[in-house]
Amino acid sequence: ISAASERRLRNWTSAEGLLRVNARHRDAGRAFLPFAPPSAPPACAPQPGAPGARAPCFLAGDGRASEVPALAALHTLWLREHNRLATALKALNAHWSADTAYQEARKVVGALHQIITLRDYIPRILGPEAFGLHVGPYRGYDPSVDPTVSNVFSTAAFRFGHATIHPLVQRLDARFQELLGPLPLRDAFFRPWRLLEEGGVDPVIRGLLAKPAKLQVQDQLLNEELTERLFVLSDAGTLDLASINLQRGRDHGLPGYNEWRQFCGLSRLETRADLRAATANGSVADRILDLYGHPDNIDVWLGGLVESFLPGARTGPLFACLVGKQMKALRDGDRFWWEHRAVFTEAQRRELGRHSLSRVICDNTGLTRVPRDAFRVGLWPQDFESCDHIPGMDLRAWREAPPPGTGMSFSSRVKVGVWGQEPCVSEGRGGLVWGRPPAQLPPRPQPVRAQEPLRLPGSGGWSDG
Ligand code: HEM
């Protein structure tokens with residue numbers, strides 16, 4: 001997140017370090033994402049009958065937040081979680097400045113993203129065997145690992161997700177019955193009003209929990225809402241996501257399918273019979289080879305997508321390898337990985353490990369029952385448990401004694417800060433930001449870049465990428 005977008009996203013007048021919320025709309029008392037500022041030309045589709053050709057989109061850390069209701073709902077969930085955490089942390093630590101509360105809440109949200117992604121989501125995608133092989137257990141920060149996201153990961157392998165997208169947005173009422181009927185994606189792209197005016201976040205979250213993702217089948221990899229009716233802000237017409245993915249791979253000069261198989265230690269496919277075996281689907285293999293002539297020519301996104309799945313996985317061996325290697329690098333090469341010593345205290349790590357996406361849903365929506373594992377489709381009502389039984393973290397592990405001799409509150413009398421020695425203004429009052437002593441900094445990799453600002457764990461020293 002750039003400094004400019006941080007300026008727009010934060011609520012700078014709150015004492016608790018909150019993010020801005022929508023000033024015009026509420027969701028049964030809960031916050032919605034704010035709208036993009038009036039200076040940005042409105043780019044989303046307006047509600048029928050509303051004035052103007054375009055309406056404002058949601059403002060979030062990522063410009064794609066309004067693409068589909070599910071994505072907007074998830075962004076909203078995390079906005080609410082940040083504000084819930086910041087408020088609770090500030091209540092536990094009255095001496096914290098607004099900025100400390102903001103940075104500590106941001107740090108916890110970052111850790112939860114890491115936990116939910118690597119512990120709960122990725123193993124379901126790779127299957128247990130490939131997860132063990134390519135990711136394995138955490139053994140600590142490794143400064144020799146480059147965590148940069150690779151071209152093949154973002155342009156091909158992780159786009160496996162496009163084959164899991166359901167053509168309909170499923171919104172369910174409190175009894176898990178269809179609300180307003182199913183909504184085709186074509187009528188949902190970049191339409192924030194669908195969330196604001198058609199029941200809010202809860203029906204979308206219920207749909208995500210109780211309805212399965214699209215079945216990944218080899219003879220309809222992407223649904224037609226994506227291949228015939230996709231809409232993105234940068235383009236006036238409708239697009240084809242499969243073509244975009246293939247073309248993007250070529251734009252980026254990605255080597256072909258067989259090169260990546262070899263990179264992953266898998267056999268190169270030379271014949272029609274080899275491809276038939278890798279896909280376990282003769283007719284799909286034939287259609288692909290009729291187009292491409294030889295397996296060497298196959299685009300890596302398509303080749304990886306049609307491989308038959310590993311046991312207990314949602315990908316074949318090539319994407320399991322490419323996704324697994326990337327996830328391992330993102331974890332092991334991150335000096336601020338949540339499990340790396342001194343990023344959190346031992347007690348905080350223990351509490352973070354108790355949290356889950358289901359708990360985040362319980363804490364930030366009107367749902368009172370959820371499946372314990374949000375990534376496993378739940379049958380209503382038998383697979384749903386009361387939120388009272390869903391474990392979560394105890395934030396008392398974040399309680400800090402106020403600095404001795406300063407009393408409980410953050411006041412202009414505060415003179416000595418240990419954290420970056422940066423003067424800061426909170427609610428118009430000057431002071432110094434308090435944090436943990438530098439002795440707890442995780443080791444910095446060498447060489448140190450002279451321009452790099454000193455970023456402590458508690459000050460949001462966290463890769464945005
Ligand atoms: C309805 C849901 C979705 C829509 C409409 C959508 C659409 C798009 C579009 C239009 C792009 C830009 C393509 C380009 O210009 O190259 C893109 C990129 C991408 N998508 Fe999706 N997508 C969706 C869901 C997903 C899911 C579920 C995943 C993975 C689990 C995923 C992974 C990616 C990745 C990794 C990129 C590349 C991002 C980058 O490099 O910046 N998408 N998607």
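One-based numbering, in listed order, for ligands and for the atoms of each.
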> Are R272 and D290 close enough for a salt bridge, meaning some N to O gap below 4.0 Å?
Replying inline: yes
> Which ligand 1 atoms does E67 reach within 4.0 Å, using its non-hydrogen atoms?
Replying inline: 5 (C)
> Would you call R64 a ligand 1 contact, heavy-atom distance under 4.0 Å?
Replying inline: yes
>> Taking the six-membered ring of F153 as reference, does the cationic atom of K325 (NZ for Lys, CZ for Arg) lie under 6.0 Å from its centre and within 45° of its axis?
In response: no
> Looking at Y102, does the NZ or CZ of R10 lie under 6.0 angstrom from its six-membered ring centre and within 45 degrees of the ring axis?
Replying inline: yes
>> With 2.8 Å as the limit, count the protein N, O or S atoms near atom 21 (Fe) of ligand 1.
In response: 1
>> Are F176 and F384, when compared by the centres of their aromatic rings, separated by less than 6.0 Å?
In response: yes
> Do you see a protein non-hydrogen atom under 4.0 Å from atom 9 (C) of ligand 1?
Replying inline: yes
> Can you tell me if L71 has a non-hydrogen atom under 4.0 Å from ligand 1?
Replying inline: no
> Can you check whether R268 reaches R261 side chain to side chain, under 4.5 Å on heavy atoms?
Replying inline: no
> R248 to ligand 1: N or O pair under 3.5 Å?
Replying inline: yes
> For the ring pair W301 and H162, is the centre-to-centre distance below 6.0 Å?
Replying inline: no
> Can a non-hydrogen atom of Y121 be found less than 4.0 Å from any atom of ligand 1?
Replying inline: yes
>> On a heavy-atom basis, which atom in N364 and which in R80 lie closest, and how many Å separate them?
In response: O-NH1, 2.8 Å
